[in-house]
Amino acid sequence: MFQDMGVGVNVRNVSRIPGLQRADLVRSEAFIGGAWVGAESRILVDNPADGSVVGDVPNLGAAEAMDAVTAARDAMPGWQGLTGKARGEVLRRWSQLMLAHAEDLARIMTGEQGKPLTEARGEVAYAAGFLEWFAEEARRVNGHVLTPHAADKRLTVLRRPVGVVAAITPWNFPLAMITRKAGPALAVGCAMVLKPSELTPLSALALAKLAEEAGVPPGVFNVITGEAAPIGEVLTGDPRVRKFTFTGSTAVGKMLAARCMATVKRVSLELGGNAPFIVFDDADIEAAVDGAVASKFRNTGQTCVCANRFFVQTGIHDRFAAALAERVGGFRLGSGLTGEFDQGPLIDARAVAKVRAHIADAVEAGARILTGGQSAGGLFFEPTVLVDVKPDALVNREETFGPLAAITRFETESEAVRMANDTSAGLAAYVFTKDMSRSVRLSEALECGMVGLNTGLISTEIAPFGGIKESGMGREGSRYGLEDYLDLKLVCAEIDLE
Ligand code: SIN
């Protein structure tokens, strides 16, 4: 929510998140060039669980975005000049500080994003893992020496930091989507300007505070808060930004990437998915239900890798659907800051409306509701399981981003593969079967960047995360995650052989 607070109205420095050890981790200023920068115009940050204001941050614009790019450009030579080991030590301290303040970071995240506290704690560890992983990788950014094409030539391929990196990150993973980008960028010697979602800026600023304490030099990691349009224009248009990385919706990603082409920036995109979740008759039903709960209902269904389309073979269909409905029908819904819950609210009213629309469309065409189907007050929505969903239902064509498992029945393997690939998205897919040969066939046939075989959880800092088709380009995490922040440079030397 944007609000011009006006002179004399001061909502700053009020910690509205209870139970913090360090209230100073809730920042009310942006972080540019190592300085904390305020503004009269404010953005209020709401807790989606109850609509209460949990913080406020400056509503900055194009001028401050340019300042941040200047700070990053100026900081880069010094940072790049350090050894990989020295940069890694800073990243490691940052990761350790995250873990030392994990409980506070989790509470801040739950306060502004709504996910249950247990999930927020998990995300803090996941996010810190990226910094730790890339702290280690920083020492392994090696080039190559090639066998030359002439006796008097010597060919060396250097891997150089791409330059100033601009990042725009989403609200669904307020920490992990930042460290998954900042980790590799900083490890190889780049400096970064980050624009977090205006819905969840507090986690990003807490991270910046810990970066400062870890010894990340001024200007190497900048966080600018404000409206997306003016800041985005600078981050995609300023020629000093050499790399743009975005996690968010496919529509916005395409638009931002197109803008980046005017200055031919390197671009990586982690966009929407429409993951199939395929259960074969021979699957372990308990494992399939566990996998469905993990991949569909994590973060109230608000992850890009969430199962979105359930294809279940006829022989196991009724048992699987009933077991899933029973499991999620027992979820406890509530505000993560007030107790232990299985599911939090959706992020906003538009998200609730989308879940409703997908249910209404499917039911109109003959789907049956096994559990849920209704709003549970405010931004909460009952975990919902539908059966007899038509392959062309809205829910099968669009990512729901909510707690709705929509099940379509199938008979044969080839039918399942055909339906699974019938989408422009290609991020994740899940397959449950005990048949080894079928696992291999499907791993190869499914058009996506990541396959979960008999598991609903595929995310780890160790493995490459990313999609194909309209789900994006580039990979994050793992050793491959460095590549998007590196340019290759050839040095071709002619030498005197005498
Ligand atoms: C996402 O939803 O974009 C990220 C999910 C994950 O890292 O597991």
Side-chain angles (χ1 to χ4, degrees), residues 98 106 109 113-116 118-134 167-184 194-197 199-200 203-204 207 245-253 256 268-277 291-308 343-344 346-347 351 354 398-404 425-430 448-452 455-478 480-481 484:
M98 287 187 73
M109 188 188 302
Q113 200 273 345
K115 64 179 66 180
T118 40
E119 285 195 38
R121 290 183 185 120
E123 185 182 337
V124 174
Y126 180 42
F130 287 110
L131 295 182
E132 185 193 35
W133 173 269
F134 287 109
I168 297 184
T169 52
W171 49 264
N172 62 341
F173 286 87
L175 285 176
M177 297 305 98
I178 299 174
T179 56
R180 195 152 85 177
K181 298 175 189 306
L194 165 72
K195 154 77 178 77
S197 165
L199 298 176
T200 56
S203 296
L207 192 63
T245 171
F246 172 74
T247 297
S249 76
T250 302
V252 174
L256 295 172
S268 43
L269 302 170
E270 205 267 273
L271 306 177
N274 185 2
F277 187 104
V293 168
S295 85
K296 174 70 252 184
F297 293 93
R298 174 177 171 226
N299 201 12
T300 317
Q302 302 172 113
T303 88
C304 303
V305 287
C306 270
N308 198 58
Q343 187 181 292
L346 286 157
I347 193 70
K354 190 170 191 189
E398 290 178 355
E399 198 179 18
T400 307
F401 238 60
L404 164 60
L427 191 57
Y430 305 89
C448 59
M450 298 168 280
V451 179
T455 178
L457 282 177
I458 53 176
S459 306
T460 158
E461 74 276 11
I462 293 164
F465 188 105
I468 61 169
K469 295 162 81 176
E470 293 190 14
S471 286
M473 52 174 86
R475 290 293 178 271
E476 296 191 322
S478 80
Y480 304 103
D484 284 331

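Note that ligands are numbered from 1 as they come in the structure, with each ligand's atoms numbered from 1 the same way. Note that the coordinates shown come from a computational prediction; the quantities given were computed from them, not determined experimentally.
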Q: Please check if the side chain of Lys181 supplies one atom and the backbone of Ala176 the other of a donor-acceptor pair under 3.5 Å.
A: no
Q. With side chains defined as the heavy atoms from C-beta onward, is the minimum distance between Val305 and Arg298 less than 4.5 Å?
A. yes
Q. Among all protein non-hydrogen atoms, which one is nearest to atom 7 (O) of ligand 1, and what is the separation to 0.1 Å?
A. Tyr126 OH, 2.7 Å
**Q.** Arg298: numbered ligand 1 atoms lying under 4.0 Å from its heavy atoms
**A.** 6 (C), 8 (O)
Q. Is the shortest distance from a heavy atom of Met177 to ligand 1 less than 4.0 Å?
A. yes
Q | Contact atoms of ligand 1, heavy-atom distance to Thr303 under 4.0 Å | A | 2 (O)
Q. What do we get for Glu270 next to ligand 1 when only non-hydrogen atoms under 4.0 Å count, side chain, backbone, both or neither?
A. side chain
Q. Is any side-chain heavy atom of Glu270 less than 4.5 Å from a side-chain heavy atom of Cys304?
A. yes
Q: Just need the protein heavy atom nearest to atom 8 (O) of ligand 1, so name the residue and atom and give the distance.
A: Ser459 OG, 2.5 Å
Q: Measure the distance from atom 2 (O) of ligand 1 to every protein heavy atom, then report the residue, atom name and distance (to 0.1 Å) of the closest one.
A: Cys304 N, 2.7 Å
Q. According to the interplanar angle, ranging from 0 to 90°, do the rings of Tyr430 and Phe277 count as parallel (below 30°), tilted (30 to 60°) or perpendicular (above 60°)?
A. tilted
Q. Should the pair Lys115 and Phe173 be classed as cation-pi, given the thresholds of under 6.0 Å to the six-membered ring centre and 45° from the axis?
A. yes
Q.
Show me which atoms of ligand 1 lie under 4.0 Å from any heavy atom of Asn172.
A. 1 (C), 2 (O)
(Q) Does any part of the side chain of Met450, heavy atoms only, come nearer than 4.5 Å to the side chain of Leu427, both counted from C-beta? (A) yes
Q: Distance to 0.1 Å, residue and atom name: give those for the protein heavy atom nearest to atom 5 (C) of ligand 1.
A: Phe173 CE1, 3.6 Å
**Q.** Rounded distance [0.5 Å steps], CZ in Phe401 versus NZ in Lys354
**A.** 8.5 Å
Q | Inter-residue atom distance Thr245.OG1 - Leu269.CG, 0.5 Å rounding | A | 7.5 Å
**Q.** Geometric N/O contact Thr247 with ligand 1, under 3.5 angstrom
**A.** no
Q) Which of the atoms of ligand 1 are close to Phe465, meaning less than 4.0 Å from one of its heavy atoms? A) 4 (C), 5 (C), 6 (C), 7 (O), 8 (O)
